[in-house]
Amino acid sequence: MDLGYSPAHEAFRAEVRAFLTEHAGGYPPPFGVNRPTPEARAWQALLIERGYAARSIPREYGGFGAEPDILKSHIVAEEFARARAPWGLVNQGISMLVPTLLELGTEEQKLRWVAPTLRGEVIWCQGYSEPGAGSDLASLKTSATEDGDDFVINGQKIWTTTAHAADMMFALVRTERDAPNKYLGLSYLLLSMRTPGLEVRPLKTMTGASEFNEVFFTDVRVPKSQVVGERGQGWAVSNATLKHERGMLGDPNASMSRMNSILELMQTETLDGVRAIDLPALRQRAMRLQGRVMAMQYHGMRLLTASAQGRDAGIARLVVKLQATELNYQLSALAVDVMGEMGLLVAGSAEARAHGAWPRRNMFDIGMIIGGGTAQIQKNIIAERGLGMPREPKTREGRSA
């Protein structure tokens with residue numbers, strides 16, 4: 001295995017490092033899940049201009065327009081993680097919808113939506129899950145009835161991230177009720193969150209925030225031209241989107257950046273005058289987690305090799321989201337334990353470390369083990385396909401425990 005880079009790629013790495021050194025200390029604040037600040041949009045515009053964001057997206061759609069080079073994209077991710085610099089805007093529109101439109105959208109849809117989404121001018125939410133149709137998404141019941149040039153939508157979505165702040169939604173709805181099975185007859189629609197008949201109700205989680213929402217549709221009219229892909233073939237389109245979602249939730253460079261932050265924290269936090277890094281129990285936990293983070297990075301190289309060779313990584317992609325979300329939860333749990341009783345303080349507490357970011361992140365990370373496909377179901381899929389992971393035990397009702 002040759003893990004080295006060519007001289008041209010090493011020169012590109014030096015260029016990225018010089019850029020990050022030039023802008024060190026001037027990064028905008030971390031981006032949240034809601035609307036980006038003007039500073040965040042300006043940073044995004046600079047990254048696109050330099051080719052460090054939207055690198056291989058054609059210029060006519062608002063990207064940098066470089067020829068696809070997977071290794072250069074990987075170098076950008078590595079160097080931004082090393083410098084702990086924000087990678088530009090990361091949201092459902094940019095990370096999930098844009099690659100879906102580039103793959104399956106019409107030319108009109110690409111020209112209309114990709115550029116403003118990349119610039120952070122249009123914020124999207126994902127209308128997938130419903131009550132009774134979460135892990136079994138194909139059982140969704142939200143209907144779209146044909147009426148002239150429009151679909152009329154009725155039903156409900158739940159756990160819709162950012163719906164309260166979004167401009168647009170990409171949604172999966174049932175357009176053909178007489179389809180031979182539940183996977184057929186679904187269509188993938190783009191719709192405005194300002195459409196009459198839409199109601200958004202925020203759901204407060206244990207973090208104290210309302211990242212998720214319920215969305216109710218009552219006679220919501222959407223033009224038929226807003227279908228992405230073929231009508232009735234939305235299941236295939238939605239799976240293309242989910243492929244990108246799992247990658248977004250399982251970035252190994254983000255996990256390594258988090259690991260490095262924890263190691264720094266362990267250098268400063270003390271117990272009875274002893275640094276956390278010098279306490280055997282905490283140090284051993286950190287070493288084990290660091291090993292797992294490194295394993296995720298090497299698995300990322302495996303996927304990178306497959307992509308560079310034009311091969312479909314298949315089931316190996318599932319491992320990324322599955323392992324990374326469980327790993328990130330254990331990392332944030334270690335950070336909370338390193339801070340002792342101070343690790344329980346949330347934002348607003350006078351003694352809270354980093355404004356209570358670690359305990360909030362730890363609570364949020366629990367949900368990410370479920371979001372984007374539950375860990376139990378993914379473990380069973382991987383086990384059934386022979387990748388060596390044990391199946392989850394079953395209850396008497398036959399469901400995963």
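Atoms considered below: every heavy atom in the structure, side chains included; atoms not considered: hydrogens, waters and symmetry mates.
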Item to complete: Show your reasoning for whether side chain to side chain donor-acceptor pair (under 3.5 Å) applies to T160 and Y128.
Response: CA-CA 8 Å; T160 311; Y128 276 20; over 6 Å; no
Practice prompt. Check the angle between the aromatic planes of F80 and W43 and answer parallel, tilted or perpendicular using the 30° and 60° thresholds.
Written response: tilted
Practice prompt. Before accepting this row, confirm whether a basic side-chain N of the pair D69/R55 lies closer than 4.0 Å to the acidic partner's carboxylate O.
Written response: no
Worksheet item: Which pair of non-hydrogen atoms, one from P252 and one from V293, has the smallest distance, and what is that distance?
Response: O-CG1, 4.5 Å
Response to the item:
Note: F364 and E211 closest approach over all heavy atoms is CD1-OE2, 3.9 Å
Anything under 3.5 Å between a donor and an acceptor, one on a side chain of residues 339-355, the other on a protein residue two or more places apart or in another chain? List them.
unit_1 : atom_1 : unit_2 : atom_2 : d
S349   : OG     : V346   : O      : 3.2
R353   : NE     : E269   : OE2    : 2.8
R353   : NH1    : E351   : O      : 3.4

Practice prompt. Would you please say whether a donor-acceptor pair under 3.5 Å links the side chains of Q330 and R285?
Written response: no
Worksheet item: For R119 and Q44, does a side-chain donor sit closer than 3.5 Å to a side-chain acceptor?
Response: no
Discussion item. Closer than 3.5 angstrom, by distance alone: can the side chain of K141 be matched with the main-chain N or O of E130 as a donor-acceptor pair?
Written reply: no
Practice prompt. Could you check L203 against W159 for side chain to side chain contact (heavy atoms under 4.5 Å, CB included), going step by step and ending with a plain yes or no?
Written response: CA-CA 8 Å; L203 296 169; W159 312 123; 3.7 Å; yes
Worksheet item: F19 ring centre to R50 NZ or CZ under 6.0 Å, with the angle to the axis within 45°?
Response: no
Practice prompt. Identify whether the distance between the nearest side-chain nitrogen and carboxylate oxygen of R258 and D251 falls below 4.0 Å.
Written response: no
Worksheet item: Should the ring pair F170 and W124 be called parallel, tilted or perpendicular, given that the plane angle runs from 0 to 90° and is split at 30 and 60?
Response: tilted
Worksheet item: Does any N or O in the side chain of S95 come within less than 3.5 Å of the main-chain N or O of N91, such that one atom is a donor and the other an acceptor?
Response: yes
Discussion item. So that I can tick it off, tell me whether R231 and E146 are bridged by a salt bridge, with the cut-off set at under 4.0 angstrom between side-chain N and carboxylate O.
Written reply: yes
Discussion item. Taking E15 first and then R13, would you say they form a salt bridge - that is, a charged N and a carboxylate O separated by under 4.0 Å?
Written reply: no
Worksheet entry | E60: salt bridge (Lys or Arg N to Asp or Glu O under 4.0 Å) partners, not counting sequence neighbours | none
Worksheet entry | Results of side-chain hydrogen bond (donor to acceptor under 3.5 Å, both in side chains) for R221 - residues two or more places apart only | D147, D150
Item to complete: Report yes if some heavy atom in the side chain of H299 is under 4.5 Å from a heavy atom in the side chain of V320; otherwise report no.
Response: yes
